[in-house]
Amino acid sequence: MLKLTNISTSYGKVRVLREVSLEVAENEIVALVGANGAGKSTMLNTISGIVNPTSGSIEFLGKRIDGMPPYDVLELGISQVPEGGKPFPDMTVRENLEMGAYSKKARKFMGESLERVFKTFPILKERGKQLARTLSGGQRQMLAMGRCLMSRPRLAMFDEPSYGLAPVVVGELFTFVQELRNQGIAILLVEQNIRHALETADRGYVLENGQIVLEGSSRDLLSNDHVRKAYLGI
Ligand code: ATP
């Protein structure tokens, strides 16, 4: 579904991604894990067109998307949830969700999408009239995921959904990630919470200093010596 081949991305003279190749198949959950500053957010921003790669190619559903503006990438079915979810704080929960259906394709399905979001995240229906700023951290992440669903994505990319949340809330959020996959959406999950991410995903990639150093099934990565020592502290 998504295929990155030898992607390099720089900010000015500083190269952050170095010849990265990665794939996500239909209906797959893929984790991209790595330490602070490894280049994970840059990878998502490169896929969604916020940053242009300096070399390499990105294909989505057989079409080249590198160099495309973000609104066209979204229209094709890739939706990104930024770190912290970043809802519009002074808009209500419902208005935030409606903003998610801004694209041409999504606007037509607004009513149906809202029902689907409320069924997946009942708390968002309960809090529909509340301002987003009044939500807890976990609820904000749910709102951000709901807003992403409103755009009718084929592929959803989540940037550190667990960041700053209590462990019990993190477990609940990762259950939602699996629920979205059950609804037919492929997921690219960026995380520093490596154990949780790999326990949720089918496959994973480990990014260090802008390069993929390991890839494989989640089970293989969880038992890999380097992953255990460097990331799981075992
Ligand atoms: P984090 O978990 O901290 O977000 P990350 O793995 O997502 O880390 P990136 O945010 O992609 O990493 O950052 C990778 C490197 O690129 C870092 O050294 C960062 O300082 C640098 N960087 C990120 N965004 C920019 C930018 N807009 N301009 C210049 N440098 C940037």
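In each ligand, atom 1 is the first atom listed, and ligand 1 is the first ligand listed. All values derive from a computational prediction rather than experimental measurement.
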inquiry  = Under 6.0 Å from the ring centre and within 45 degrees of the ring axis: does the NZ or CZ of R116 meet both conditions for the six-membered ring of F121?
reply    = no
Exactly one candidate in V24, I65, L4, I47 meets side-chain contact (heavy atoms from CB on, under 4.5 Å) with F60; the answer is I65
For residues D159 and S41, is any side-chain donor paired with an opposing acceptor at under 3.5 Å? yes
Exercise for the section: Answer with yes or no whether the side chains of E19 and Q211 bring together a donor and an acceptor at under 3.5 Å. Expected result: no
When distances are taken from atom 5 (P) of ligand 1, the protein heavy atom at minimum range is K40 N, 3.4 Å
shortest atom 22 (N) of ligand 1-to-protein heavy-atom contact is with Y11 CE1, 3.4 Å
Just by distance, no angles: are the side chains of S8 and R15 close enough, under 3.5 Å, to form a donor-acceptor pair? yes
Exercise for the section: May I ask whether E160 has any heavy atom positioned less than 4.0 angstrom from an atom of ligand 1? Expected result: yes
Residue, atom and distance of the protein heavy atom nearest atom 12 (O) of ligand 1 read G39 N, 3.1 Å
Closest to atom 3 (O) of ligand 1 among protein heavy atoms sits N36 OD1, 2.4 Å
For atom 20 (O) of ligand 1, is some protein heavy-atom partner under 4.0 Å away? no
| message | Checking side-chain polar atoms at under 3.5 Å, does Q80 have a donor or acceptor matched by the opposite partner on N45? | response | yes
For atom 10 (O) of ligand 1, the closest protein heavy atom turns out to be S41 CB, 3.7 Å
Ligand 1 atoms nearer than 4.0 angstrom to some heavy atom of E83 are 4 (O)
of all protein heavy atoms, closest to atom 13 (O) of ligand 1 is T42 OG1, 3.9 Å
Q | Between R228 and S223, a side-chain donor and acceptor under 3.5 Å | A | no
With a sphere of 6.0 Å drawn around OH of Y163, does it hold more than 12 non-hydrogen atoms of other residues, nucleotides or ligands? no
Answer yes if the side chains of E59 and T5 hold a donor-acceptor pair under 3.5 Å, and no otherwise. no
The protein heavy atom nearest to atom 18 (O) of ligand 1 is G37 O, 4.3 Å
Per-atom filter on ligand 1: closer than 4.0 angstrom to a heavy atom of Q192 are 2 (O)
Check the side chains of S151 and S79 for a donor-acceptor pair under 3.5 angstrom, ignoring hydrogens and angles.
yes
Looking only at protein heavy atoms, what sits closest to atom 16 (O) of ligand 1 is V16 CG2, 3.4 Å
Exercise for the section: Take every heavy atom of G34, measure it against each atom of ligand 1, and state whether any distance is under 4.0 Å. Expected result: no
G210 touching ligand 1 at heavy-atom level, < 4.0 angstrom: no
Counting from 1 in the order shown, the ligand 1 atoms closer than 4.0 Å to a non-hydrogen atom of A35 are 6 (O)
